[in-house]
Amino acid sequence: MLDDISKIEVEKLENNLFRNKNVEVSIIRLDKIHPVLSGNKLFKLYYFLDECQKSTHKTILTFGGAYSNHLVAAAYACKELGLKSIGIVRGEKPKLLSHTLDTCMDYNMQMKFISRSDYQQKESLDFIQSLLSEFGEFTIIPEGGYDPIGAKGASLIAQSVNNNEYTHLCCAIGTATTVAGLLLGSSSEQQVIGVSVLKNMNDIHERMSFLTKGNSNLEQLIILSDYHFGGYAKHTPKLISFMNELYEKYSLATDFVYTAKMLFAVFDMIKKDQLPRGSKIACLHTGGLQGNQSLPSNTLIFS
Ligand SMILES: *Cc1c(COP(=O)(O)O)cnc(C)c1O
């Protein structure tokens, strides 16, 4: 499924701003790996899937909300590999399934809906025990792949991109697992830029220590926390016009939850001379475009 990660497309963006500031910006098109899935999610799943394939139970169990890109990616990957997938979904079962959960169903994921309060206890031993008695043995993947094994998978992204001598690797931060992978896979001269898409995310360094098991140099890491545009999945007219401009100029479609905020941050940093001349910045387009379907239909000039 990710057999040929060396074939990831890279696209350079050209404009007067970048020329004047003497920087290069390249987009790593993880969004092109699959039309529906977020490319980074498959990488985070990589070593979990590997482990599951070697098991006798051949079953993955994981967690997510009704709009979880992670759940869809897990469902898809399991279907591709002939593994069974079980999704523990936050909240009571709605009358009408979200588009995301519908897609999970299409990929044969077995879903169990639990109340929000039960969901908060989902890591407790009691709850895991009850899942084991209900479903039998499985490989468990934490929500969002937030685990050192997920970060190790994401480090493959950096390895596949790194022949190209970038000075900076950049991505959006949700759980921070992908950015931890970039840090693990980067060379010591590189800087890793993470753009938080959540408001008040203050524990990124703790997350890094957990995800990389302390095997990373946090001095290589630059966290940008002022580009969340109001918080997770929030947006402003400024962000929407930026997305439309990117599309007009480069035919580059971005999602408003992650990649658009990350690229806005990179452009803004360059405008403000906060990235040195000579920088060669590789930005991960992580996909997630189906999330744009939640916007009113005339918001974007693409969809
Ligand atoms: C999940 C996701 C991210 C964030 O990745 P984390 O590893 O959780 O930080 C970024 N972009 C897209 C499109 C995603 O679906």
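As the structure is a prediction and not an experimental result, all values here were calculated from the model. We number each residue from 1, following the sequence as shown. In listed order, ligands and their atoms are each counted from 1.
- Between D255 and ligand 1, a contact under 3.5 Å exists for no N or O pair.
- Protein heavy atom in closest approach to atom 7 (O) of ligand 1: T178 OG1, 2.6 Å.
- Polar contact with ligand 1: present for G174 (N/O pair, distance under 3.5 Å).
- Aromatic rings from H57 and F138 are positioned such that their centres are separated by 6.0 Å or more.
- In this structure, the side chains of K84 and I60 stay at 4.5 Å or more apart for every pair of heavy atoms.
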Go through it in stages, so that I can follow the logic: the residues are R29 and L252, the test is side chain to side chain contact (heavy atoms under 4.5 Å, CB included), and I'd like the CA-CA distance, side-chain angles, deciding distance and then a yes or no. CA-CA 10 Å; R29 300 295 303 267; L252 183 67; 3.6 Å; yes
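- Residue-ligand proximity, G288 to ligand 1, at heavy-atom distances under 4.0 Å covers atoms 13 (C).
- Remark: Y247 engages F302 in a ring-ring contact (aromatic ring centres under 6.0 Å, His included) (not counting sequence neighbours).
- Sorted by first and then second residue, the salt bridge (Lys or Arg N to Asp or Glu O under 4.0 Å) pairs with a member in residues 85-107 read R90-E143; sequence neighbours excluded.
- With respect to K280 and E165, no salt bridge is recorded, no charged nitrogen being found less than 4.0 Å from a carboxylate O.
- Polar contact check, Y258 against ligand 1: no nitrogen or oxygen pair lies under 3.5 Å apart.
- Among protein heavy atoms, atom 1 (C) of ligand 1 sits closest to K41 NZ, 1.4 Å.
- Regarding atom 5 (O) of ligand 1, its nearest protein heavy-atom neighbour is N40 ND2, 3.1 Å.
- A salt bridge links K54 with D50: at least one charged nitrogen is closer than 4.0 Å to a carboxylate oxygen.
- With a 6.0 Å cutoff to the six-membered ring centre and a 45° limit on the axis angle, K152 counts as a cation-pi contact of Y47.
- A 4.5 Å side-chain heavy-atom check between S216 and Q220 finds every atom pair outside the cut-off.
- Close contacts between ligand 1 and N69 involve ligand atoms 14 (C), 15 (O) [criterion: under 4.0 Å to a heavy atom].
- Using a 4.0 Å heavy-atom cutoff, K44 is listed among the residues neighbouring ligand 1.
- Remark: distances from the non-hydrogen atoms of I173 to ligand 1 include one below 4.0 Å.
- Where the criterion is an N or O separation shorter than 3.5 Å, residue side chain and backbone included, A176 meets it with respect to ligand 1.
- Within the structure, the closest approach of G287 to ligand 1 falls below 4.0 Å when heavy atoms are considered.
- Nearest protein heavy-atom neighbour of atom 11 (N) of ligand 1: T286 OG1, 2.6 Å.
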